[in-house]
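Working notes for the structure below.
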There are 2 protein chains.
Amino acid sequence: MTKPTGARAAAIPALAEVFREHGYAGASLALLGERAGLGKGSLYHAFPGGKAEMADAVLDSIGAWFEAEIYSALRDDPDPHAAIRRMLSETDAYFRSGRRVCLVGAFALSDGRDRFAERIAGYFAAWRDALAGALHRAGRAEAEILAEDAVLSIQGGLVLARALDDPDVFGRLLGRLERRLCAAP
Amino acid sequence: MTKPTGARAAAIPALAEVFREHGYAGASLALLGERAGLGKGSLYHAFPGGKAEMADAVLDSIGAWFEAEIYSALRDDPDPHAAIRRMLSETDAYFRSGRRVCLVGAFALSDGRDRFAERIAGYFAAWRDALAGALHRAGRAEAEILAEDAVLSIQGGLVLARALDDPDVFGRLLGRLERRLCAAP
DNA sequence: CCGACGCTGTACCGATCGGTACAGGTCCGC
DNA sequence: GCGGACCTGTACCGATCGGTACAGCGTCGG
């Protein structure tokens with residue numbers, strides 16, 4: 001039932017979790033293989049490019065998920081406020097209400113920044129631009145500024161929630177964002 | 001002219017820079033020693049506890065700097081708005097207008113979170129609480145919420161500035177923060 | 001029934017990891 | 001001039017790193 005590349009796709013979520021928790025440098029092949037349930041042989045069969053290709057695949061997968069679940073609605077939904085609310089609730093679910101960290105943000109901060117710079121920049125730029133478009137369609141002034149501030153706040157919320165070990169920080173932020181982003185024009 | 005522990009103190013800024021750029025796991029002893037201008041022997045003489053003690057010392061040094069330059073003024077300055085403005089300009093300088101990353105935030109996101117959890121939490125909690133006190137003294141309602149949002153935004157601003165390789169993101173954020181934090185009560 | 005192919009475990013590679021041991025050097029009070 | 005405390009470079013440790021090679025395996029089409 002699985003395509004030839006099925007093992008690859010199946011392994012990606014586990015690999016993502018390891019990169020998320022340990023960073024690029026900290027994610028060892030031993031750990032990656034163990035958590036993916038794959039021996040080193042299988043791992044290198046599915047990802048001939050090694051660790052870098054695994055990280056590439058994980059970033060691709062994350063980018064595709066956000067594109068499909070969040071950005072596209074922000075761009076195309078005729079009701080921009082609905083798209084924004086959907087963004088907030090999907091974001092809440094994706095980051096497990098602040099208990100989970102943003103892999104792209106973590107990569108941006110430390111190791112792997114240079115290696116994956118374009119992909120990282122693209123991820124955030126797409127988010128900011130899609131959100132700015134929705135805000136613009138909703139008739140808000142300074143949509144770009146508002147969007148930049150929202151994207152940045154989400155990242156900061158994840159950092160602070162993790163640092164204080166208090167997921168509510170993230171929940172409170174999302175509440176504030178809904179008020180800020182869905183206010184009357 | 002240097003105290004017995006002079007080499008230790010002198011090495012800390014260089015060590016901090018390496019941890020900042022490579023994370024805890026990514027900062028190797030070879031790199032640490034090279035950048036500090038110290039051989040392995042000297043490094044372990046100054047920091048018998050090894051890498052963990054180096055990171056401890058770096059975190060202590062950062063905490064002390066923020067306490068002296070920012071938190072204490074937020075707590076004690078009779079003019080809370082002046083203290084807040086000072087916080088913003090010192091923050092701008094410290095993070096080189098967004099070109100530099102927050103080591104504590106980076107540690108919080110990936111490796112070293114568990115190892116340094118209390119210290120990381122303390123750093124952010126002190127910032128948030130000191131700022132909330134200043135806002136309260138300035139007569140602002142919901143000072144705690146405002147403070148939490150500001151601290152989180154600064155972290156997010158650093159993440160996004162780094163991710164987009166665009167320091168202006170951080171500068172724009174600081175401008176917004178000044179307006180938000182120093183608005184009329 | 002068989003060879004080809006896709007997949008997997010395992011052994012192994014050189015490099016590097018964090019950390020230790022220690023021989024010598026430097027510099028001080030005496 | 002001397003002894004000793006402090007400091008430092010270097011050799012070395014076992015473990016693990018990312019990555020490779022390959023033999024064995026089951027599963028197919030023919």
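Order of the sequence lines sets the chain letters (A, B, ...), proteins ahead of strands, with each chain counted from 1. The figures that follow rest on heavy atoms only: side chains count, while hydrogens, waters and symmetry mates do not.
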- request: Provide, to the nearest angstrom, the distance between the CD atom belonging to E53(B) and the P atom belonging to dT20(C).
  value: 12 Å

task: Round to the nearest Å and state the distance from H22(B) atom NE2 to dG18(C) atom P.
output: 12 Å

- request: Can you check whether any acceptor in the base of dG9(D) is under 3.5 Å from a donor in the side chain of K40(B), or vice versa?
  value: no

query: Checking all strands, does A27(A) fall into the base, sugar-phosphate, or nothing category for heavy-atom contacts under 4.0 angstrom?
result: sugar-phosphate

field: Closest heavy-atom pair and its distance - L173(A), G157(A)
entry: CD2-CA, 4.0 Å

task: Could you tell me whether the side chain of K51(B) and the main chain of A27(B) form a donor-acceptor pair under 3.5 Å?
output: yes

message: When you measure from the side-chain N and O atoms of S42(A) to the phosphate of dG9(C), is any distance below 4.0 Å, counting only OP1 and OP2?
response: yes

- request: Start with the C-alpha gap between R75(A) and D129(A), add the side-chain angles, then the distance that decides, and say whether salt bridge (charged side-chain N to carboxylate O under 4.0 Å, His left out) holds.
  value: CA-CA 9 Å; R75(A) 280 193 221 99; D129(A) 294 344; over 6 Å; no

message: Measure CG/L38(A) against P/dT10(C) and give the value in whole Å, please.
response: 14 Å

message: Between P on dG18(C) and CG on L29(B), what's the gap in Å once rounded to a whole number?
response: 4 Å

query: Has H45(B) got a side-chain N or O lying under 4.0 Å from the OP1 or OP2 atom of dT8(D)?
result: no

Protein-nucleotide distance (M54(A), atom CE; dG18(D), atom P), rounded to Å: 9 Å

query: Closest to the S28(B) side chain: dG19(D), dC17(C), dG19(C)?
result: dC17(C)

task: On the 0 to 90° scale, with breaks at 30° and 60°, tag the Y24(B)-F19(B) ring pair as parallel, tilted or perpendicular.
output: parallel

